[in-house]
Amino acid sequence: MSEDYCTTRDAPKPPEADGPPYAECVLCREPTEYPESYKGITLCPVCEWQEAQRTACSG
């Protein structure tokens, strides 16, 4: 049996906001696409993309 070491995480994403106010990115403090009322970790599109690059399977 082969183990899959490169799995994707199906973590739920926060709901997208219809308009301001937007939640801050937890890394760079830029506005995100998510509502300010969302409780949890929110990333802006740039940091989200960079985080995906860091955690992508390279093998």
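The shortest side-chain heavy-atom distance between Glu33 and Pro45 falls under the 4.5 Å cut-off. In this structure the side chain of Cys44 never reaches within 4.5 angstrom of the side chain of Pro31, judged on heavy atoms. Contact annotation: the side chain of Leu43 approaches that of Val26 to within less than 4.5 Å [non-hydrogen atoms, C-beta and beyond].
Arg54 CZ: more than 12 foreign heavy atoms inside a 6.0 Å radius.
A single hydrophobic cluster is seen to contain both Leu27 and Ile41, as judged by linkage of ILVMFWY side chains at heavy-atom distances under 4.5 Å, directly or through other members.
Separating the CD atom in Glu30 from the OH atom in Tyr22 is a distance of 13.5 Å, to the nearest 0.5 Å.
Thr32 places no side-chain N or O within donor-acceptor distance of the main-chain N or O of Glu24, the cut-off being under 3.5 Å.
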